[in-house]
Amino acid sequence: MGKDIREDISWAKINEDVLRSLESPRRLYWVILLVAMLAFSVGIGCEVYQYNVGMGVANLDNPHVWGLYIATFIFWIGMSHSGTLLSAILHLMHADWRKPIYRFAEAMTTFSLMTAGLFVMVHLGRLWQFYYSLPYPNERALWPNFQSPLLWDAMAIFTYLSSSVIFLFIGMIPDLAICRDHLHPGWRKKLYTLLALGWEGTDRQWRNFRITYLTVACFLIPLAVSVHSIVASDFAMSQQPGWHVTSFPPYFVAGALYSGCAAIVTLFIILRYVFKFEEYMTLPILKKTVRLTFAIAMVWTYLNAVEFAAVWYSHDQAAKDVLIQKATGPYAPFWWMMIFCGSVVPLTLAFKRFQTNIPVLFAVSLLLNLGMWLERWMIVAPTFSHGYYPWTWDHNQWPSLIQWGMVFGSFGWFALLFMVFCKVFPSVSMYEVKEMVYHRRLASESQAAAKGAH
Amino acid sequence: MSVSNLLENWSKVRHTHPVGDVPHEEYKWAMAIDLDACTGCNACSVACYAENNIAVVGKEKYAHGQAMHWMRIERYWDEDEREFPDQGAQFLPMMCQQCEAAPCETVCPVGATNHTADGLNSQVYNRCVGSRYCSANCPFKVRYFNWWDYPDQENAWPDEMKQQLNPDVTVRTKGVMEKCTFCVQRLTAAKNMARNEGRLVKDGEVQTACQQACPTNAISFGNLVDAESRVHKQWKQQQVELAEDAQAKDEYFTDLRGYRILEDLRAYPSVMYLERVRESAI
Amino acid sequence: MIENNFNRRDFLKVLGWGGAAVTLSGCGFTSVQDGTETVVSYVEPTEYALPGIGVYFNSTCAQCDAGCSITGRVREGRALKLEGNAASSINRGKMCGLGQAGVQAHYNPDRLREPMFKGQPVAWDKALGLIDEKVKTLKGDDVAFLTGGMSGHVKVLFKNYMDALGSKNHYVYEAVSPSVVRAANKKAYGVEAPRLRLDKAKAVVSFGADFLGAWVSPVHFSQQYAQFRKGNRPEGRGVLVQIEPKMTLTGANADRWIPLRPGTDGVLALGIIHALAKNGLSVPADVAAAVKDYAPERVSQETGVSVEQIGKLAALLKTHTPSLVLAGDAAEGYQHGSQNAAAIALLNRVLGNVGKTIEAPANVPFPQIAAQGGNRAALQALNGKLASGKVQMLFVHGANPVYTAPLSLKFKENLNKATFKVVFAHYMDETALQADLVLPLDSALEDWATAVPEYLPEGAQLNVQQPLMEKLHAGTRGTGDILLALLKQRRANEYGKFDDFYAYLRNAVVSIKGALGGGGKDEDTFWAETLSEGLVKLPGSGGNLSSKASAAGLHFPAVVEDAAYPLRLIPSVTANMRDGRNANQPWLQESPDPLTTIVWDSWVEIHPKTAAKLGIVEGDIVEVASKSGSIKAQAYLFPGIHPDAVSVPLGYGHEAMGRYAKGVGANAFAMLDAVSDQETGELAMNETRVKIGKTGQRIIVIKEEGVAGGKQAGKKIAARLASDKVDLSKEV
Amino acid sequence: MQSFFRSIILLAGLFFYASSHAADALPPLTTADNLGPKVEQPIEFPHNRHAGLRDPADAGDPSVPAKGGMEINCMYCHTGARRSAVAAIPPLQKCIGCHQTINSVRETPRIQKLFEYWEAKKAIPWKKVHDLPDFVRFNHERHIQRFIFAQGKPVQEACGYCHGDVRAMTVARRSKPLSMGWCATCHQKDHPVDAVSGKTSHGPNDCWQCHK
C-alpha cells in the first residue's frame with residue numbers, strides 16, 4: 001500500500017492547493033451547481049403545490065399515512081452519521097488518515113441534517129402550525145407531548161444539528177485564519193476575519209482550541225448514536241408489526257454509518273475530481289475508507305439477519321406476515337433490491353483490486369446508497385400495507401410524482417449546500433493536513449534514523 | 001399549563017389506563033355491538049355522516065383510499081372455499097374503539113389526542129399538526145386524515161349543503177386527523193342537562209347517532225360505570241372486563257359471545273362486540 | 001306549544017332569521033376574531049327557538065314509500081339532521097341510511113328553483129296559466145296523469161283535479177314495487193298487504209324478499225328481525241333461510257342462503273310441500289294432489305337445490321311453527337311470477353301460517369286517503385296509450401319514467417307524441433328534460449302533506465309531513481299548493497276559500513277530527529297536537545283475512561334456455577339506490593353497497609366459476625347485452641350469485657339529475673326485455689337474458705373492501721358462533 | 001479560559017432561570033390596553049346607559065333623561081346565557097317593548113334607526129364582539145349556573161370576568177384575551193361549588209370540554 005500522503009509537500013503548497021479550491025470555479029462546478037438548483041426548485045415547486053392543495057397530492061391514504069417523506073428523512077439522518085464517525089470517533093482514536101477528508105464529511109453531516117429536517121416539515125399536514133410541536137411557553141398554556149418519540153426526534157435532531165455546526169465551525173477556525181491572511185480584500189475577507197475570531201496561532205490559542213475541539217468531539221459521539229436510536233424509536237416504540245423490534249436502534253445506527261460511509265466515498269471521488277485534490281485525497285485514504293465501509297456493511301448485514309430471525313422466531317404472526325409480505329408481496333422487487341445493494345454489492349469491496357478502482361467504487365457507492373434508501377422505504381411502507389387489521393390492507397398505493405419530486409429535490413438541496421460550502425470554506429483541513437504531513441515525516445525520519453543507527 | 005403544573009401532575013398524564021387504582025369516577029362511555037343483530041345495512045354510517053359533518057370525498061378520492069367514513073361496515077366471507085357463501089356474510093361496524101390505553105395518544109407529538117375523564121379518546125382538531133403518527137400506530141386504522149381541504153372541494157359541500165352542517169361539530173380543514181368521537185357533542189349536551197338538575201346522565205338519555213339510527217338496535221351505548229345501564233349489564237353478563245387483555249371467560253364460558261377485537265394488543269378497547277350466531281342445523 | 005293558525009314557513013319569516021350565511025367552522029382561525037361575523041338575532045322571539053339549542057319537529061320521511069315518521073333537528077332555522085320518531089309503529093324511532101340522506105334531497109344543490117317552459121324560466125302565474133289554457137282546449141280523456149304511489153290529501157287533490165278535468169287516466173307507477181306479490185296476496189288472503197309477523201315466526205323462509213334491504217318497509221322489518229333473532233323470546237331464536245339466485249342483504253344475514261336457479265321458486269315451494277306431506281304434515285287433499293309430481297329429485301334437478309337441502313327445509317318448517325314464507329322480488333319477476341307467488345302462498349297455507357304470522361292489516365277508515373301503490377303495468381298501459389297518440393296532455397308527478405322505462409318500450413319517443421307534458425319535479429331529471437313545462441317542487445322538508453303508508457304494520461296511521469324550515473328557494477312550490485292553484489282554476493267556488501294548501505289541509509284534517517280520535521278536543525288543540533306528534537293513529541277495526549290460496553292452476557313452464565343469451569340478468573334493488581330517485585344524494589353514493597362494498601359506480605356481479613369460464617377477472621369492463629340493449633360496467637366476482645345469472649344494480653346511470661347522479665354507472669333499466677307476468681301484466685324484471693363479453697378495458701374497482709377481500713387472516717375480528725354452542729337465555 | 005467558563009456558566013444559569021420563569025408565568029389576564037378592536041355596529045348600542053350604575057342625581061323623573069345607567073341585569077336582555085350555550089342577542093321586539101313607552105329618547109337618531117328596523121321587520125345585523133374560534137365550545141349556561149346561581153356572585157361581576165366592565169362601555173369591546181391559556185388559568189383555580197358548603201372544585205381539564 002502506498003503512503004497516505006506525500007511527506008514532502010511543503011506547507012505553502014498545501015495552502016496554495018486548498019485555497020485554489022476557493023477561487024473562481026471551473027465550468028464543471030457551475031454545471032453541478034445549476035443541476036442542483038434545478039433539482040431543488042423541482043422540490044420547492046412540489047412543496048408549494050402540496051402546501052396549497054393538501055397532502056392528498058402525495059397520494060397517501062389510509063392506511064398509508066406515511067410515505068417517502070419519512071423514508072427519505074431517515075435516509076438523510078443516516079447520511080449525517082459518517083461525518084461524526086470520521087471527524088469525532090476517528091479523531092479520538094488518533095486515526096490520522098482521516099485528516100484530509102473529515103472536513104467535507106463533517107459538512108455532509110450538517111447539510112444532510114438540514115435536509116432531513118426539511119422532510120419532517122414537508123411531511124406535516126399543517127406545516128403552518130409546526131410551532132405547536134416546539135416546547136416554549138405560549139398563550140395556549142400548552143406543551144407538546146413529551147411522551148412522543150416524534151418529539152424526542154425533533155429535539156435530538158436540533159441538538160445534533162446545532163452541535164454539528166459548532167463542531168464544524170470550531171474545527172475550521174485555524175483554516176479560516178489562513179484564508180483571512182491569504183485573501184485579497186473583499187466580502188470574503190471580511191467574512192473570514194469575522195469567523196476566525198482573531199486567531200493568531202499563539203500557544204494559548206492552540207491549547208484552548210485543542211481542548212474545546214476534543215470536548216465537542218466527545219459530546220458529539222453520544223449524540224450521533226442517540227439521534228438514530230431515537231429515529232429508530234419512532235418505529236420501535238410503536239405497536240405496529242414490522243416496527244416493534246427491539247434491535248431497531250443498533251440496526252438503524254449501523255445503517256446510518258453504512259449509508260454515510262458510502263456517501264463519503266461518493267463525495268470523495270467527486271471532490272477529488274472537481275477540485276483536483278489528488279494530492280490530499282489519495283488512493284490509500286480512499287482504500288481505508290472503503291475498508292471501513294465494507295466492515296460496516298457486514299455489520300449491517302448481520303443486524304439485518306438478526307432482525308429477520310427475531311421476527312421469524314417471535315411467534316408474532318402479524319410481524320411475520322409483514323416480513324413474508326416484504327419478500328413476496330408487491331414490495332418484493334424493492335426489498336430484494338435492497339438486500340442485493342446492501343449486502344451483496346459491498347462484497348466487491350472485499351477485493352483489493354476494487355478498493356482503489358475509482359470507477360468501480362463510484363458505481364458501488366451509489367448502489368450502496370440506493371440500497372440504504374430502499375432499506376428505509378422498506379421499513380416504512382410494507383408495515384402500512386399489511387398491518388394488524390386485514391380489512392385495511394392496501395397493497396396498491398404508490399407514491400405520487402409529488403413525493404418523488406421532493407425526494408429528488410432534496411438531493412438538489414443537499415448538493416447545492418455542499419457545493420456552496422466547498423467554494424466558500426476550505427473543504428480540506430489545511431492545518432491538519434500540515435500536521436499529518438509533519439507527523440508522517442517525523443515518523444519516517446525517525447524510522448530512517450533508527451534504520452541508519454542499526 | 002405551566003411547567004410546575006406539568007411537573008406536579010406528571011404522574012397523572014395519561015394515567016387513565018384501566019388499572020385498579022384509578023377507576024373511572026362518573027362516566028365511562030362504552031359500547032356493545034351485537035353482530036347477530038347487525039344486518040350490515042349502513043344506516044349507522046350514513047347517520048354518522050349526517051351528524052358529524054363528514055365530507056363526501058367523491059369517486060376519485062375514494063379510489064385513492066381517502067374516504068372519511070368514521071364508521072365503516074366491513075363485510076367478511078367464510079374462508080373455507082365453498083362454492084357459495086351459504087351461511088351468509090359477516091358484517092362488522094368498525095369505528096374508533098376509544099381504547100383505554102390508546103396507542104394513538106402516546107405518540108402524538110403535540111398532544112392533540114388525549115384521554116378524557118369520561119374514558120374517551122379525544123381528538124382536538126385545531127391542535128393537530130398532521131404528523132399522522134396516531135394513525136400509523138392505530139391497530140384498527142380508524143383514524144381518517146384530511147388529505148384535502150374538503151370544505152373547499154367543489155362538490156363536498158356546495159353552498160346549499162353547507163346549511164346542513166352541524167354547528168356543534170367542527171368542520172375539519174386540510175391536514176388534520178379525525179375519527180369517531182362517540183358523538184361527544186351529544187354527550188356534552190346531555191351532561192349539561194343532567195348537571196342543571198344536579199344528577200348524572202341516565203341510561204338512554206343520550207344516544208350516539210349510529211345507535212339512534214340502527215334499525216335492529218344492534219348498538220348499545222352508555223355509561224359503563226352506571227350499574228343500571230344496558231351497556232354495563234351487557235359487559236357484565238358477557239364477562240368482558242375492561243381492564244383485561246385476555247378474558248377469563250374465554251377459557252371457562254365459551255358459550256358467551258362477548259369479545260373485543262385485537263384485545264391482546266393491550267389497547268383495552270371500549271367497544272365490545274357480540275359474536276354473530278348462526279343456526280347450525282339448517 | 002305551537003300557536004294557532006300556524007304556518008311555519010311564514011312564521012320563520014316573521015322570526016326574521018337574521019343569521020348571516022352559515023359559516024364554515026373550521027380550523028382556519030386559531031385566535032379570537034372580533035367583529036367579522038354577524039350574530040344570529042331575531043326580530044321577534046319565539047318560545048321554542050333559543051339560539052344554540054336544537055328544536056325538534058316531527059314529520060314524515062319521503063325518501064321511499066314505507067312512511068317512516070321522522071324527527072328533524074332544527075337549529076337557527078336550519079334543518080340539520082333527521083332521526084326516527086318513536087311514536088310511529090312503522091319505524092319506532094329508527095331509520096335507514098336512505099332516510100338519513102333526506103336532508104341531502106332538501107339541500108341538494110341541483111334542485112330546480114323556478115318553473116321552466118320549454119327550457120326557459122317562466123313565472124308561476126304564467127306557468128299555471130299555460131296549464132289553464134291548455135286544459136280548456138282538451139277533453140278529459142285527452143289528459144293523463146302518471147304519478148308515483150300516493151296517499152293522503154295530496155292524493156285527494158289529484159283525484160279532484162282529475163275529476164275537474166274529467167280525466168280518468170290515472171297511471172300509478174312504481175318501477176320497483178312488489179306488485180305481483182300484491183296481486184297474489186289479494187288472491188290468496190283477500191288483502192294486498194297483509195301484516196307480516198316476523199317477530200312471531202320461529203322460522204322465516206324468504207324467496208328473494210330483501211326485507212332488510214329494500215323490500216316494502218325495511219326499517220320496520222329490520223326491527224321485527226331483531227325481535228325474531230332474540231334468543232330469549234318465548235318462541236326462541238328464529239331461523240332465517242333465504243332462497244334466491246342473487247344474495248341480497250337479507251340473504252347475507254340468513255342462517256342458510258340457498259342459491260336457486262332463477263325462476264324456480266314456485267317449483268321449490270311445491271317441492272317443500274311435497275316433502276312436508278311425506279314427513280307427515282297433514283296437507284289438504286287438493287294440495288297433496290297438486291304437488292304429487294314434485295318429488296324432491298325432480299325439484300332438485302329443476303331448482304339446483306339438493307335433495308338433502310329440501311329435506312332439511314321441510315324438517316325445519318315442520319318443527320318450527322308458526323313460520324313465515326315470503327315471496328319477494330326474486331320470486332315475482334318472471335312470466336310466471338304470479339304462479340311463484342301463489343305457490344309460496346300455498347306453502348304458507350299448508351303450514352298454517354295464515355292468521356298466525358300473516359295477519360289482516362288495519363282498515364283505513366277513509367279510502368280516499370288510503371295508499372294507492374304503484375305498479376309497473378301502469379307504465380306499459382300508459383305507453384300503449386301514448387303510442388296510439390290518444391294522450392294530448394300528460395302530468396307526471398313522483399316518477400321518472402324516461403329513466404326507469406326499458407328502452408324496448410320506446411317510452412321516450414311515445415312520450416313526445418303528447419303535445420303538452422307537465423312534470424312536477426325536484427330536479428331536472430330525465431323526464432323533466434322531456435317536459436314542456438316543469439314545475440319545481442318544495443322538498444319534503446319544506447312541504448305540507450299527509451300520507452298513509454301502504455304497508456301498515458299495526459293500526460292505520462295518518463302521517464303528517466310538515467315543513468321543518470323556511471323554503472330554501474323562493475321559486476319552488478309544494479305539490480299541494482300547485483294542485484290547489486290548479487283546482488282554483490276549475491272549481492273556484494269550492495277551493496277559493498283556501499289561501500293555500502296548508503289552510504286546506506288543516507281544514508280537511510280538523511273537520512274529521514272526530515274520526516281521527518280527537519273528538520273531545522277543540523280544533524286548535526287537536527291540530528297542534530297532530531303537528532306535534534307528526535302522526536295520527538286512526539282508530540278502526542282490523543280487516544279480515546281469508547286463506548284461500550289454492551293449488552288449482554299452478555303450472556310452471558320448463559325453463560327455456562337461450563343459447564345466444566345464456567345468462568339470466570337479475571337487476572338488483574339495493575338499499576342505497578333502489579329505483580334511482582335518490583341517486584343524487586352523495587351520502588348514498590358514497591355509502592358502500594353492503595355486499596360488494598362498491599361506491600360511486602354500478603357493477604356486474606358474476607360468480608367466480610362463471611367468470612373463470614369467460615376469462616373475466618375483477619375490474620374488467622364487461623358488456624352485458626340483452627336483446628333490448630346493453631350496458632358496460634365493471635365486473636365484480638361475487639360468490640353469492642347463481643352461476644347462471646349475473647346481477648346489475650338498478651338506480652345508477654342517470655343522464656341528468658345533477659352533479660352527483662349524472663354519469664355515475666350504467667342504467668340497468670334500459671336493457672330489460674319487455675316481458676310481462678302473464679297474469680298481472682307486470683313487467684317481469686328478472687326475465688331478461690343476457691350475454692356477457694369483455695371489452696378489453698380493465699379498471700381498479702373502487703370499493704371499501706381491501707386487498708384481503710373478506711378474509712380475517714386468522715384474527716378474531718368478526719366472529720361467529722354456532723347456535724348450539726351459545727347460551728342466549730341470560731342475555732340482556 | 002477560566003473566566004470564559006465562568007461566564008458561560010453564569011450565562012447558562014441566567015438563561016435557565018429566566019426561561020423557567022417565563023415558562024411558569026401566567027398568560028396576561030387582559031389585553032394589552034384592556035381593549036380589543038373597535039367593532040362597528042349597525043346601531044351604537046350604549047351598554048353604559050342600560051347596565052351602568054345609577055347616577056344619584058337622577059331623580060327618577062321619566063321625562064328628564066337620566067345621566068347614569070339603569071342597572072339592568074345582563075340577563076334581562078341576554079336571556080340565553082342562563083339556559084343555552086350562547087347568551088344570545090335580544091330579539092328586536094325586546095328593544096321595542098321598552099322603547100315604545102320611552103318617549104324622552106324616541107326621536108334620537110339611534111332609536112329612530114331601531115324603529116326603522118322594526119317597521120321593516122328586519123333583524124339587526126349585529127356584529128359579534130366576543131367571537132371565539134369556531135372549534136371552541138363555550139357554554140354560557142354552565143358558567144352562569146355555577147357562578148351566579150350556585151355561588152351567588154353578583155351578575156355583573158360574573159359576566160365581567162370574561163366580558164370586562166360592560167357597564168362602562170357604549171358599544172361592547174373585548175377587554176380580555178379569551179385565549180386558551182387565559183381560560184385555562186381560571187380552570188386551574190379552585191372555585192367554591194356553592195355559596196354555603198365551602199367545597200371547591202376546579203374547572204374541567206379535558207380538551208373536549210371546550211374543543212369541538
Side-chain angles (χ1 to χ4, degrees), chain B residues 35-37 39-43 45-47 49-51 56 59 62-63 72-77 79 84-86 88-90 92 125-126 151 155 158 160-167 170-173 176 212-213 215-217 230 233-234 237 255 257 259 261 275-280 282, chain C residues 22 24-28 30 75 78 80-81 83 94-97 100-101 103 107 109 212 219 222-223 225-226 229 239 241 249 252-257 259 312 316 575 586-587 590-591 594 597 599-600 639-640 659 702 710-712 717-727 730-732:
Chain B
L35 298 182
D36 191 34
T39 65
C41 73
N42 253 332
S45 181
V46 183
Y49 271 74
E51 173 72 16
V56 167
K59 185 175 183 176
Y62 208 111
R72 59 173 189 244
I73 308 293
E74 296 164 4
R75 189 269 293 117
Y76 296 98
W77 297 117
E79 289 172 46
F84 296 108
D86 53 5
Q90 295 264 97
L92 180 90
Y125 307 122
N126 187 51
N155 286 336
E160 291 84 350
M161 287 202 180
K162 281 187 178 123
Q163 300 193 51
Q164 186 272 328
L165 293 172
N166 186 351
T170 306
V171 176
R172 285 78 60 182
T173 47
V176 300
Q212 201 286 324
T216 56
N217 283 315
R230 182 174 146 82
K233 288 178 186 157
Q234 279 179 303
Q237 196 270 325
D255 57 352
R257 49 194 193 107
Y259 71 104
I261 296 174
E275 288 185 50
R276 174 173 266 224
V277 180
R278 281 300 170 258
E279 181 63 37
S280 31
I282 179 69
Chain C
V22 186
L24 254 190
S25 51
C27 301
T30 55
R75 247 193 75 174
R78 297 181 278 131
L80 300 179
K81 175 148 192 309
E83 301 196 336
K94 296 300 181 178
M95 265 184 109
C96 63
Q100 289 287 346
V103 281
Y107 289 116
L212 296 175
V219 179
S222 293
Q223 286 181 325
Y225 170 78
R229 287 297 204 186
V239 180
V241 179
L249 186 61
N253 283 290
D255 293 286
R256 184 65 62 188
W257 175 77
K312 274 187 180 177
L316 174 84
W587 288 341
E590 191 137 319
S591 167
T597 76
V599 294
W600 287 105
R659 64 193 80 178
I702 301 168
K711 295 196 170 70
Q712 306 187 26
I717 289 174
R720 184 169 70 196
L721 271 173
S723 57
D724 55 352
K725 299 214 167 61
V726 65
D727 177 10
K730 292 185 212 68
E731 286 203 352
V732 181

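In what follows, chains carry the letters A, B, and so on, assigned in the order in which the sequence lines appear, proteins first and then strands, with residues in each chain numbered from 1. This structure is a prediction, so every number in the text was calculated from the model and none was measured.
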- With a 4.5 angstrom heavy-atom cut-off, which part of I261(B) approaches chain C: side chain, backbone, both or neither? both
- Here the pair of heavy atoms bringing V56(B) nearest to W600(C) is CG1-CZ2, 3.7 Å
- Query: Do you know the tightest heavy-atom contact between Q90(B) and A718(C)?
  - Reply: NE2-O, 2.7 Å
- Between N42(B) and S591(C), the two heavy atoms sitting closest are ND2-OG, 3.1 Å
- Query: Is there side-chain contact between L212(C) and P215(B), with heavy atoms separated by less than 4.5 Å?
  - Reply: no
- Any donor-acceptor pair under 3.5 Å linking the side chain of Y76(B) with the backbone of I717(C)? no
- Task: Mind ranking G40(B), A50(B), A37(B) by heavy-atom pairs under 4.5 Å with chain C and telling me who comes out on top?
- Result: A50(B)
- Task: Select one option (side chain, backbone, both, neither) describing which atoms of E279(B) are under 4.5 Å from chain C's heavy atoms.
- Result: both
- Task: Applying side-chain contact (heavy atoms from CB on, under 4.5 Å), run through R257(B) and E731(C) and close with a yes or a no.
- Result: CA-CA 10 Å; R257(B) 49 194 193 107; E731(C) 286 203 352; 2.6 Å; yes
- Flag, side chain of Q164(B) to backbone of K81(C), donor-acceptor distance under 3.5 Å: no
- Closest non-hydrogen atom pair, S723(C) against V277(B): CA-CG1, 3.6 Å
- Correct closest heavy-atom pair for R230(B) and V732(C) would be NH1-O, 3.4 Å
- Where does R256(C) contact chain B at under 4.5 Å (heavy atoms): side chain, backbone, both or neither? both
- Without swapping roles, check the side chain of R278(B) against the backbone of N253(C) for a donor-acceptor pair under 3.5 Å. yes
- Message: Please classify the contact between Y62(B) and chain C as side chain, backbone, both or neither, with a heavy-atom cut-off of under 4.5 Å.
- Response: both
- Which atoms of K711(C) come close to chain B, meaning under 4.5 Å heavy atom to heavy atom: side chain ones, backbone ones, both, or neither? both
- Correct closest heavy-atom pair for P167(B) and L80(C) would be CD-CD1, 3.4 Å
- Among Q712(C), Q100(C), R720(C), K312(C), the residue with the most heavy-atom pairs under 4.5 Å to chain B is R720(C)
- Note on the structure: chain B shares the most heavy-atom pairs under 4.5 Å, among A722(C), A719(C), P586(C), with A719(C)
- Query: What option among P259(C), A252(C), C96(C), A101(C) has the most heavy-atom pairs under 4.5 Å with chain B?
  - Reply: A252(C)
- Query: Any salt bridge between E590(C) and K59(B), counting N to O under 4.0 Å?
  - Reply: no
- Using a cut-off of under 4.5 Å on heavy-atom pairs, state which of L35(B), N155(B), T216(B) scores highest against chain C. N155(B)
- Message: At a 4.5 Å cut-off on heavy atoms, which part of R75(B) comes close to chain C: side chain, backbone, both, or neither?
- Response: both
- Message: When you compare the side chains of R75(C) and N166(B), does any donor N or O come within less than 3.5 Å of an acceptor on the partner?
- Response: no
- Message: Has K94(C) got a side-chain atom pairing as donor or acceptor with Q212(B)'s backbone, closer than 3.5 angstrom?
- Response: yes
- Item | The single option from L721(C), D724(C), D727(C) passing side chain to side chain contact (heavy atoms under 4.5 Å, CB included) against D255(B) | D727(C)
- Walk me through it: do L249(C) and C41(B) pass the test side-chain contact (heavy atoms from CB on, under 4.5 Å)? CA-CA 7 Å; L249(C) 186 61; C41(B) 73; 3.9 Å; yes
- Item | Test item: P639(C) and W77(B) side chains (from C-beta on) under 4.5 Å apart, heavy atoms | yes
- Q237(B) portion near chain C, given a 4.5 angstrom heavy-atom threshold: side chain
- Point-to-point distance, once rounded to the nearest 0.5 Å, from CD of Q223(C) to CG of N217(B): 6.5 Å
- Message: Out of G640(C), A226(C), P594(C), A575(C), return the one with the most heavy atom pairs under 4.5 angstrom to chain B.
- Response: P594(C)
- Is the backbone of Q163(B) close enough, under 3.5 Å, to the side chain of R78(C) for a donor and an acceptor to pair up by distance? yes
- Note on the structure: The interface call for T39(B) against chain C, heavy-atom contacts under 4.5 Å, is both
- Query: E160(B) side chain to Y107(C) main-chain N or O, any donor-acceptor pair under 3.5 Å?
  - Reply: no
- Rounding to 0.5 Å, atoms CD (E83(C)) and CD (E51(B)) come to a distance of 7.0 Å
